[in-house]
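Working notes, beginning with the structure itself.
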Amino acid sequence: MSEKIRVMISEEEVEKRVREMGAVISQDYEGRDIRLVCVLKGGVFFTCELAKRITVPVSFDFMSVSSYGNDTKSSGVVKIVKDLDESIENKDVLVVEDIIDSGRTLSYLLENLKSRKPRSLKLCTLLDKPDRRVTEVQVDYTGFEIPDAFVVGYGLDYAQKYRNLPYIGIVELDG
């Protein structure tokens, strides 16, 4: 089986939207520092590009979470594979994610982070697939709302491939 990648959102469109998001976030956090919490691995590309366009001081931390269990069931176990290196207590925290679909893992992650008493906690995603939502999550900054398609690029992968594409593409499987 082979795959073909069709461009869904061009590199130029992604760059323009990330610039716009950086401007809005900078305005919203004017006079404050932001702790960007990047959700690994996919969020790394978006987090770095977004941070370059935020004009208020930013610091970074990283988390890696993994979901186990059957995706079709509402109960899944979420495991924190890599936790934050520093406390977020009394910090303005912006969680940066590449894509939100079912919302299960992110809902768990946000509840976990809330328990650590940040001053504020908001969520930013490059891509949102609301049609796949099973658990509601409050998304504060959204790059693009997309239909239910299997996408790669800009950090998103298929079998660890295609993360480095500078655009968002749809995977089309042949065979």
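Computed from a predicted model, the values in this text were never measured in an experiment.
- Of all non-hydrogen atoms in I5 and G169, the two that sit nearest each other are CG2-CA, 3.8 Å.
- Inter-residue side-chain proximity for C124 and L50 is flagged as met; some heavy-atom pair is nearer than 4.5 Å.
- E145 contributes atom CD, which lies 11.0 Å from atom OG1 of T125 (distance to the nearest 0.5 angstrom).
- Hydrophobic clustering places I170 together with I99 (ILVMFWY residues linked when any side-chain heavy atoms are closer than 4.5 Å, directly or through intermediates).
- Two residues are said to be in side-chain contact when any heavy atoms from C-beta on lie closer than 4.5 Å; F144 and I168 fail this criterion.
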Steps toward side chain to side chain contact (heavy atoms under 4.5 Å, CB included) verdict (L113, I88): CA-CA 8 Å; L113 292 175; I88 59 170; 3.9 Å; yes

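- To the nearest 0.5 Å, the span separating CD on E97 from CG on L40 amounts to 9.5 Å.
- Closest approach of D85 to D61, counting heavy atoms only: N-OD2, 2.9 Å.
- Between R6 and E172, at least one side-chain nitrogen of the basic residue sits less than 4.0 Å from a carboxylate oxygen of the acidic one, meeting the salt-bridge criterion.
- Without hydrogens or angle criteria, D33 side chain to V58 main chain gives no donor-acceptor distance under 3.5 Å.
- Residues Y108 and I80 form a side-chain contact, since some pair of their non-hydrogen atoms from C-beta on lies under 4.5 Å apart.
- In this structure, P147 and M8 have side chains that are in contact, with non-hydrogen atoms separated by less than 4.5 Å.
- For the pair E86 and R35, the salt-bridge criterion is met [side-chain N within less than 4.0 Å of a carboxylate O].
- Under a 3.5 Å cut-off, the side chain of K114 and the backbone N or O of L121 do not form any donor-acceptor pair.
- In this structure, the separation between CZ on R132 and CG on D101 is 5.0 Å, given to the nearest 0.5 Å.
- Under 3.5 Å, the side chains of Y141 and D28 contain a donor-acceptor pair of N or O atoms.
- Shown here is Q160, whose CD atom has more than 12 heavy atoms of other residues, nucleotides or ligands within 6.0 Å.
- More than 12 heavy atoms of other residues, nucleotides or ligands sit less than 6.0 Å from atom NZ of K122.
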From CA spacing to verdict: salt bridge (charged side-chain N to carboxylate O under 4.0 Å, His left out), E20, K16: CA-CA 6 Å; E20 293 167 353; K16 178 179 185 279; 2.8 Å; yes

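- In this structure, D128 and R133 have side chains that are in contact, with non-hydrogen atoms separated by less than 4.5 Å.
- Counting non-hydrogen atoms of other residues, nucleotides and ligands closer than 6.0 Å to NZ of K82 gives a total above 12.
- No path of Ile, Leu, Val, Met, Phe, Trp and Tyr side chains, each step under 4.5 Å between heavy atoms, connects L123 with F62, placing them in separate hydrophobic clusters.
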Worked check of side chain to side chain contact (heavy atoms under 4.5 Å, CB included) between R163 and V152: CA-CA 6 Å; R163 285 190 197 277; V152 294; over 6 Å; no

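- In this structure R119 satisfies the side-chain contact (heavy atoms from CB on, under 4.5 Å) test together with N90, D92, sequence neighbours excluded.
- Considering every non-hydrogen atom in both D98 and G42, the closest pair reads OD2-CA, 3.1 Å.
- Minimum heavy-atom separation, R104 to T135: CG-OG1, 3.6 Å.
- Every residue two or more places apart in sequence or in another chain was checked for a ring pair (Phe, Tyr, Trp, His ring centres under 6.0 Å) with F60, and none qualifies.
- Here NZ of K91 is found 7.0 Å from OG of S59. Values are rounded to the nearest 0.5 Å.
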Residue pair L84, R116: steps toward the side chain to side chain contact (heavy atoms under 4.5 Å, CB included) verdict: CA-CA 11 Å; L84 298 175; R116 301 178 192 202; 3.6 Å; yes

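- Between the side chain of S115 and the backbone N or O of N112, at least one donor-acceptor pair lies under 3.5 Å.
- The pair R17-E13 does not meet the salt-bridge criterion, since no charged nitrogen lies less than 4.0 angstrom from a carboxylate oxygen.
- Counting heavy atoms from C-beta on, the side chains of V7 and I9 never come closer than 4.5 Å.
- Panel note: side chain D131, backbone D148; no donor-acceptor pair is recorded below 3.5 Å.
- Residues I100 and L127 fail the side-chain proximity criterion, which asks for heavy atoms closer than 4.5 Å.
- A pairwise comparison of heavy atoms in V56 and S26 identifies CG1-O, 3.7 Å as the closest pair.
- A pairwise comparison of heavy atoms in A51 and L36 identifies CB-CD1, 3.8 Å as the closest pair.
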Stepwise ring pair (Phe, Tyr, Trp, His ring centres under 6.0 Å) test for Y158 and F150: CA-CA 9 Å; Y158 171 65; F150 189 59; 5.6 Å; yes

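- Transitive grouping of hydrophobic side chains (ILVMFWY, heavy atoms separated by less than 4.5 Å) brings L156 and M21 into a common cluster.
- In this structure, a donor-acceptor pair under 3.5 Å is present between the side chains of Y162 and E3.
- No path of Ile, Leu, Val, Met, Phe, Trp and Tyr side chains, each step under 4.5 Å between heavy atoms, connects L165 with V14, placing them in separate hydrophobic clusters.
- A heavy-atom distance below 4.5 Å is found between the side chains of M63 and D83.
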Evaluation steps, side chain to side chain contact (heavy atoms under 4.5 Å, CB included), between V96 and V39: CA-CA 6 Å; V96 183; V39 182; over 6 Å; no

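- For E89, the CD atom sits in a packed shell: over 12 heavy atoms of surrounding residues, nucleotides or ligands are nearer than 6.0 Å.
- Residue pairs that meet the ring pair (Phe, Tyr, Trp, His ring centres under 6.0 Å) test with at least one member in residues 5-51, sequence neighbours left out, do not exist here.
- Following chains of ILVMFWY side-chain contacts shorter than 4.5 Å, one cannot reach V139 starting from Y154, and the two form parts of different hydrophobic clusters.
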